Student: 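I have a structure here, written as C-alpha cells, and I will follow up with some questions on it.
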Amino acid sequence: MPEEEILKQRIDKLMRLRREEGIDPFRNDRWDRKETLSEVNEAYAYLEPDAHAADVEIVTAGRLMTIRRHGKASFATMEDETSRLQLYFQLDATGEEAYTFFKKWVDTGDILGVVGTPFRTRRGELSIQVKNYTLLSKALRPLPEKWHGLKDTEIRYRQRYVDLIANPEVRETFRKRALVVRTFRDVLERHGTLEVETPILSSLAGGANARPFITYHNALGVNLYLRIATELYLKRLIVGMLGRVYEIGKNFRNEGMDTMHNPEFTTMEVYWAYANYQDMMDLTEEILVACADALGSRKVTYQGTEISFEPPFKRATMVDLVKEFCGVDIDALASDEEARRVGKTKGLEITGKETRFGILTELFEAYVEEKLIQPTFVLGHPVEVSPLAKRNYDAPDYTNRFELFVYGKEVANAFSELNDPLDQRERFTDQLRKKTEGDEEAHAFDEDFVQALEYGLPPTGGLGIGVDRVTMFLTDSRSIRDVILFPTMKPKS
RNA sequence: GAGUCGUUAGCUCAGCUGGCAGAGCACCGGACUUUUAAUCCGGGUGUCGAGGGUUCGAAUCCCUCACGACUCACCA
C-alpha cells in the first residue's frame, strides 16, 4: 500500500475513533509512569516460567513495536527508552470492552500506558498481564520492517527519528556519545577548569586553516563568519585571568565532507595557564582513558582492528617517524632545495616553494599518518605549519606541539601556546603572505588577538580534541554521520 | 571537485538475454485465550528516483539530471 494510502487510512481510523468511541489519543497530558521497562525486567527477572506476581501492580508505558493478535488473547512487544517487554492482553483480564478496543483501535507504533501484573509465560518470556491501558498517542505512519529494520542510509540520516525508533543500537551510540562528552567535562572540572562559551558568529574566523561559512547580519549590515575554531577567544580568556578554561562546542568548516568530516563538528578545546604541551599530553591521555573506561574497556575494536587506550600512549617526533616510515632524515638535509629533490623522489608534488619543513610535513602526511593505528603522540611540528604554537627554543625551527593519531586519523592537537606578541604578529604576517599567494585556508590576521597577547599571556598549554572522532572510535562507527544525530545532508530537490 | 556503485510497494529485497510488476514483513477483511519473524484463509496497494532517447515493445539498453554509498583529493 502506498504510504499516502496508509496515512489516509490511519487518519480516517483516528477520526472514527474520536467519533465512535469519543476517545482522542492526543488529549492525554501525562502518564504517571511508575517504572521503566528495564526496571520491570530487572525486578521480576526471578519469576519462573508460568509464575505470576499477581499482587504487584506495574504502571509503565512505551511504543508498541509488534502486535500478535489472537482471538481472545493477544501479545504485543512494548519498547521504551530503556528496554523492551512483552504485553499480554487477555479478554478475561482486561474485560470485553478493553480487549475489543485493543483489537479494533490499537496499531503498531502507538504509544500506550499500561497497568498490569508481571508474569513469565510458559515459553519463558517475562511479560505484563495487562489489566487496563490508555492509548497515549497514535502513530499515523507505519514503522519500518520489524525483522530487517531500517537500513537505507538516506532515510536513517534524514529522518533520524525513524532510525532511532527502528534501531535501538543507534540510540545506544548516542547515549555513549553523551557519556563521552560528560566524561570530558568530569575530567576537566576535576582539574578546576571553567566551562565557557565563546562566539560562533564573528567578524573574523581564526584559529585554524580552513574556509569558513559566511553569513550576513541584517541590522549591522555586515558579513559575519561562523567560527572554525574556538582557540583565539579561549586564549583571550587566559589573558583575562580565568586561569583554566574549556569549551565544548561546534565548529563549522566550509569544506568537503566524507566519512571523517561533517561541515559542523564538535571539538573540546582547553587552555591551562602555567601549563605546557607536556601537561596537555597527560591531560589528553587522562581524558581518553576516562572515556574508554566510561564505555567499559580500554581495548576497543574499531572496524575489526583492536585499539588499545591503555596508557602511556606511544610518543615519537615527526622527524623520527618520517625517518622510520619513509627513510628520510630531514635533519641531515642541508637545504630546502635538497629537501625538495628528496621529496620528489618520494612522489611528492613539488612547486619549488617548499622548505625542508614543508617537505617534512608532507612526507609525514603521505607516509606516516595512516600507519599510526594505535594511539600515538606525534611531537615536534615545524614552526612553519604551527602559526599559534610556541617555538622550541632549543630547536627554533620546531614547536612544542603534539598531535594524537588514532587509526591514522588526527584526534587531538595541542601545544605550548605562543605568547610572544611580536612573534605572533610575524607569523600572522607570514600567513597573510600565504593567503595572498592563493592559500585560501591560511590563517586570518587577528589584530585584536595580538593586542590581547600584548597585555601578557602567561605560559599556557592548549589542547583541542575532536569529540566526534573520539566517539567514532569508541563506538566502532565507520562514519562521522553515525555519531551526529542530524548530519548535514544535501536538500532533496 | 573526480571516479565507481546504487535508487523497484511503507520497510527489506528479487526481477536473467528487452516481452503482462514480484516475494517476505507491514497494511486491509476473517478464524484463533500462552504467542514471540505466531499460524491459517482472502486482498497487491507501484510515477520501477526524474527527464529524454533507441525499440513493435524499456524496471532492464543509451544520454542528462537529482539524491545516496564507497574510493580519491582537501580537511579535524
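Below, read A as the first sequence line, B as the second, and so on, with proteins coming before strands; counting in each chain starts at 1. Since the model is a prediction, treat every value here as computed from it, not as a measurement. Note that these values count all heavy atoms, side chains included, but never hydrogens, waters or copies made by symmetry.
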Student: Kindly assign one of parallel, tilted or perpendicular to the pair Phe405(A) and Phe364(A), based on the angle between their ring planes and the thresholds 30° and 60°.
Tutor: perpendicular
Student: Remember a base hit wins even if backbone is also touched, and classify Gly149(A) as base, sugar-phosphate or nothing at under 4.0 Å, heavy atoms.
Tutor: sugar-phosphate
Student: With Arg177(A) as the cation and Phe174(A) as the aromatic partner, state whether NZ or CZ is under 6.0 Å from the six-membered ring centre and within 45° of the axis.
Tutor: no
Student: In whole angstrom, what separates Lys8(A)'s NZ from rC27(B)'s P?
Tutor: 18 Å
Student: Tell which nucleotide pairs with rG68(B), taking only Watson-Crick or G-U wobble pairs whose two distances are both under 3.5 angstrom.
Tutor: rC5(B)
Student: To the nearest Å, give me how far apart CG (Asn209(A)) and P (rA76(B)) are.
Tutor: 7 Å
Student: Can you check the distance between rU36(B) and rG44(B), where both ends of the measurement are the C1' atom (answer in whole Å)?
Tutor: 27 Å
Student: Taking the side chain of Ser479(A) as its heavy atoms from C-beta onward, which of rA26(B), rC70(B), rG68(B) lies nearest to it?
Tutor: rC70(B)
Student: Please determine, by modelled atom types, if Thr198(A) and Glu247(A) share a side-chain donor-acceptor pair under 3.5 angstrom.
Tutor: yes
Student: If only atom types and distance count, is the side chain of Arg84(A) paired as donor or acceptor with the main-chain N or O of Thr77(A) below 3.5 Å?
Tutor: no
Student: Is Asp430(A) salt-bridged to Arg433(A), going by a charged N under 4.0 Å from an acidic O?
Tutor: yes
Student: Can you measure Glu403(A) atom CD to rA76(B) atom P for me and round it to whole angstrom units?
Tutor: 8 Å
Student: Could you tell me the Watson-Crick or G-U partner of rA14(B), where both distances fall under 3.5 Å? Say none if there is no partner.
Tutor: none
Student: Write down the distance separating the C1' atoms in rG19(B) and rC61(B), rounded off to the nearest Å.
Tutor: 14 Å
Student: For every nucleotide of nucleotides 33-40 of chain B, 5' to 3': is a protein heavy atom under 4.0 Å from its base (B), only from its sugar-phosphate (S), or from neither (-)?
Tutor: BBBBBB--
Student: Please work out if Arg478(A) contacts a base, only the sugar-phosphate, or nothing of the nucleic acid, heavy-atom cut-off 4.0 Å.
Tutor: sugar-phosphate
Student: From the list rC11(B), rC67(B), rG10(B), which nucleotide is the closest neighbour of the side chain of Arg158(A)?
Tutor: rC67(B)
Student: Could you tell me whether Ile155(A) contacts a base, only the sugar-phosphate backbone, or nothing, with contacts defined as non-hydrogen atoms closer than 4.0 Å?
Tutor: sugar-phosphate
Student: For Lys490(A) and for Glu264(A), find the nucleotide of RNA chain B with the closest heavy atom, then tell me which residue's nucleotide is more 5'.
Tutor: Lys490(A)
Student: Calculate the interatomic distance between Ile165(A) atom CD1 and rC11(B) atom P; express it in whole Å.
Tutor: 14 Å
Student: Any idea which of rA69(B), rA76(B), rC27(B) is nearest the Arg469(A) side chain?
Tutor: rA76(B)
Student: When both hydrogen-bonding distances must be under 3.5 Å and the geometry is Watson-Crick or G-U wobble, what is rG51(B) paired with, if anything?
Tutor: rC63(B)
Student: Reckon Lys151(A) has a side-chain N or O less than 4.0 Å from the OP1 or OP2 of rU12(B)?
Tutor: no
Student: Mind checking salt bridge (Lys or Arg N to Asp or Glu O under 4.0 Å) for Glu81(A) and listing every partner two or more places apart, or none if nothing turns up?
Tutor: Arg33(A)
Student: What does Asn262(A) touch in the nucleic acid at a heavy-atom separation under 4.0 angstrom: a base, only the sugar-phosphate, or nothing?
Tutor: base
Student: In Watson-Crick or G-U wobble terms, both distances under 3.5 Å, what is the partner of rG19(B)?
Tutor: rC56(B)
Student: So what does Arg481(A) touch, heavy atoms closer than 4.0 Å: a base, only the sugar-phosphate, or nothing?
Tutor: sugar-phosphate
Student: Considering only atom C1', compute the distance from rU17(B) to rC32(B) and round it to an integer number of Å.
Tutor: 49 Å
Student: With a 4.0 Å cut-off on N to O distance, would you call Lys72(A) and Asp92(A) a salt bridge?
Tutor: no
Student: For Glu410(A) and rC74(B), give me the distance from atom CD to atom C1', rounded to whole Å.
Tutor: 14 Å
Student: Of the options rG68(B), rC32(B), rU12(B), whose atoms approach the side-chain atoms of Thr153(A) most closely?
Tutor: rG68(B)
Student: Pick the C1' atom in rU35(B) and in rA66(B), then give their distance to the nearest Å.
Tutor: 46 Å
Student: Applying salt bridge (Lys or Arg N to Asp or Glu O under 4.0 Å), name anything that partners Arg123(A), two or more places apart in sequence or on another chain.
Tutor: none
Student: What integer distance in Å separates Met65(A):CE from rC11(B):P?
Tutor: 15 Å
Student: So which of Lys235(A), Lys390(A), Arg401(A) actually passes salt bridge (Lys or Arg N to Asp or Glu O under 4.0 Å) with Glu417(A)?
Tutor: Lys235(A)
Student: Please give, in whole Å, the distance from rA69(B) P to Ile480(A) CD1?
Tutor: 13 Å
Student: Is it the case that rC72(B) (base atoms only) and Asp258(A) (side chain only) share a donor and an acceptor within less than 3.5 Å, ignoring hydrogens and angles?
Tutor: no
Student: With rounding to whole Å, what would you report as the distance between rC62(B) and rU7(B) at their P atoms?
Tutor: 14 Å
Student: With a 6.0 Å cut-off on the ring centroids, do Phe184(A) and Tyr246(A) count as close?
Tutor: no
Student: Below 4.0 angstrom from OP1 or OP2 of rC11(B), is there any side-chain N or O of Arg141(A)?
Tutor: no
Student: How would you label the contact of Asp152(A) with the nucleic acid (heavy atoms, under 4.0 Å): base, sugar-phosphate, or nothing?
Tutor: sugar-phosphate
Student: Is there a Watson-Crick or G-U wobble partner for rU34(B) with both distances under 3.5 Å, and which nucleotide is it?
Tutor: none
Student: I'd like the P distance from rA37(B) over to rC20(B), given in whole Å.
Tutor: 37 Å
Student: Using purine N1 to pyrimidine N3 plus N6-O4 or O6-N4 for Watson-Crick, or N1-O2 and O6-N3 for G-U wobble, both under 3.5 Å, which nucleotide pairs with rG46(B)?
Tutor: none
Student: Say we look at rU4(B) and rA38(B): how far apart would their C1' atoms be, to the nearest angstrom?
Tutor: 44 Å
Student: When we call it a touch if two heavy atoms are under 4.0 Å apart, what does Thr267(A) touch: a base, just sugar-phosphate, or nothing?
Tutor: nothing
Student: Once you round it to whole Å, what is the distance between P of rG29(B) and CZ of Arg16(A)?
Tutor: 8 Å
Student: Give me the distance, rounded to whole Å, that separates rG10(B) from rC28(B) when you measure between the P atoms they each carry.
Tutor: 15 Å
